[in-house]
Amino acid sequence: MKPTPQHNERIAKMTFSSVYPHYITKVEGKGRTVEELHQVIEWLTGFDAQKLQELIDGKVTFETFFKNAKLNPNAHLITGVICGYRIEEIENPLTKQARYLDKLVDELAKGRKMEKILRQ
């Protein structure tokens, strides 16, 4: 599947705070911790727990969230299919970054070892 302009726009306008609780539910439901989730988010974005909370409290959009992020130089190593989209084929940078995060959360929930998730 190829994301449409409308799909890209929807992701840009979605608030991180609206999705974050779903990330927590997903990983905790599979026996992982919020601390592990934060470790994964920090690896991808550079945001520590305090900065993450500021962004959540500020109800920033994914567009603002990723604009302020310092994307990990190894983020391009995140590949595969998530939500029906092959990450490597996504052209819109913001949509690709959002799918990077989705993929990392998915790998965490599936019990993958942290060093594999963090591409070490």
Side-chain angles (χ1 to χ4, degrees):
M1 283 180 14
K2 187 173 184 206
T4 63
Q6 295 83 1
H7 177 263
N8 294 333
E9 184 67 23
R10 199 180 96 229
I11 287 178
K13 299 227 177 300
M14 194 179 312
T15 61
F16 179 77
S17 62
S18 70
V19 178
Y20 178 72
H22 299 287
Y23 291 155
I24 292 174
T25 301
K26 184 172 191 170
V27 300
E28 286 185 334
K30 298 293 184 168
R32 301 305 283 259
T33 65
V34 172
E35 290 76 23
E36 289 173 309
L37 174 62
H38 286 180
Q39 184 180 356
V40 166
I41 294 172
E42 185 170 354
W43 177 86
L44 180 63
T45 64
F47 298 141
D48 62 16
Q50 181 181 345
K51 180 63 177 174
L52 198 57
Q53 191 59 53
E54 288 173 21
L55 295 167
I56 291 166
D57 292 343
K59 297 192 182 333
V60 300
T61 62
F62 268 97
E63 184 172 33
T64 301
F65 181 86
F66 282 108
K67 193 179 289 183
N68 292 319
K70 290 183 179 24
L71 213 62
N72 189 294
N74 287 333
H76 70 279
L77 299 174
I78 304 167
T79 59
V81 176
I82 189 75
C83 302
Y85 299 97
R86 178 153 293 284
I87 293 172
E88 308 87 292
E89 296 173 0
I90 298 173
E91 294 174 8
N92 180 286
L94 175 60
T95 301
K96 182 177 269 195
Q97 292 166 356
R99 294 302 177 203
Y100 282 161
L101 182 54
D102 290 340
K103 184 70 173 176
L104 294 176
V105 171
D106 195 51
E107 289 176 353
L108 183 64
K110 287 183 176 175
R112 196 164 190 207
K113 291 185 186 308
M114 193 59 81
E115 55 271 7
K116 295 274 190 189
I117 296 170
L118 303 181
R119 298 344 193 227
Q120 296 175 338

Between atom [atom1] of [X] and atom [atom2] of [Y], what is the distance when rounded to the nearest 0.5 Å?
| X | Y | atom1 | atom2 | value |
| --- | --- | --- | --- | --- |
| R99 | I90 | CZ | CD1 | 6.5 Å |
| L104 | R112 | CG | CZ | 9.5 Å |
| I82 | Y100 | CD1 | OH | 13.5 Å |
| K13 | S18 | NZ | OG | 13.5 Å |
| L101 | L44 | CG | CG | 6.0 Å |

Would you mind writing out the side-chain donor-acceptor pairs for residues 23-30 within the sub-3.5 Å range, not counting sequence neighbours?
from	atom 1	to	atom 2	distance (Å)
Y23	OH	D102	OD1	2.9
T25	OG1	P21	O	3.0
K26	NZ	D106	OD1	2.9

**OP:** May I have the step-by-step check of side-chain contact (heavy atoms from CB on, under 4.5 Å) for V19 and F62, ending in yes or no?
**Re:** CA-CA 10 Å; V19 178; F62 268 97; 3.7 Å; yes

**OP:** Tell me whether F66 is reachable from Y85 by hopping between hydrophobic residues (I, L, V, M, F, W, Y) whose side-chain heavy atoms are closer than 4.5 Å.
**Re:** no

Original post:
Are V81 and V105 connected, step by step, through hydrophobic side chains (Ile, Leu, Val, Met, Phe, Trp, Tyr) whose heavy atoms are closer than 4.5 Å?
Top reply: no

Original post:
Do the non-hydrogen side-chain atoms of T61 and M14 ever get within less than 4.5 Å of each other?
Top reply: no

Original post:
Taking NZ, NE, NH1 and NH2 as the nitrogens, is one of them in E107 or R119 under 4.0 Å from a carboxylate oxygen of the other?
Top reply: yes

Could you list the donor-acceptor pairs under 3.5 angstrom formed by side chains in residues 49-60, with sequence neighbours left out?
from	atom 1	to	atom 2	distance (Å)
Q53	NE2	D57	OD1	2.8

Original post:
Which pairs pass side-chain hydrogen bond (donor to acceptor under 3.5 Å, both in side chains) with one or both residues in residues 36-48, sequence neighbours excluded?
Top reply: Y20-H38, R32-E36, T33-E36

Original post:
Can you list every pair that meets side-chain hydrogen bond (donor to acceptor under 3.5 Å, both in side chains) and has a residue in residues 71-83, with sequence neighbours left out?
Top reply: none

Original post:
When the ring planes of F65 and F16 are compared, do they come out parallel, tilted or perpendicular, using 30° and 60° as the limits?
Top reply: parallel

Subject >> Taking every non-hydrogen atom, the tightest pair across I11 and A98 >> reply: CG2-CB, 3.8 Å

**OP:** Return the set of residues passing salt bridge (charged side-chain N to carboxylate O under 4.0 Å, His left out) with K113 (not counting sequence neighbours), or none when no residue passes.
**Re:** none

**OP:** Quick one: which residue pairs count as a salt bridge (Lys or Arg N to Asp or Glu O under 4.0 Å) with a foot in residues 62-78, not counting sequence neighbours?
**Re:** none

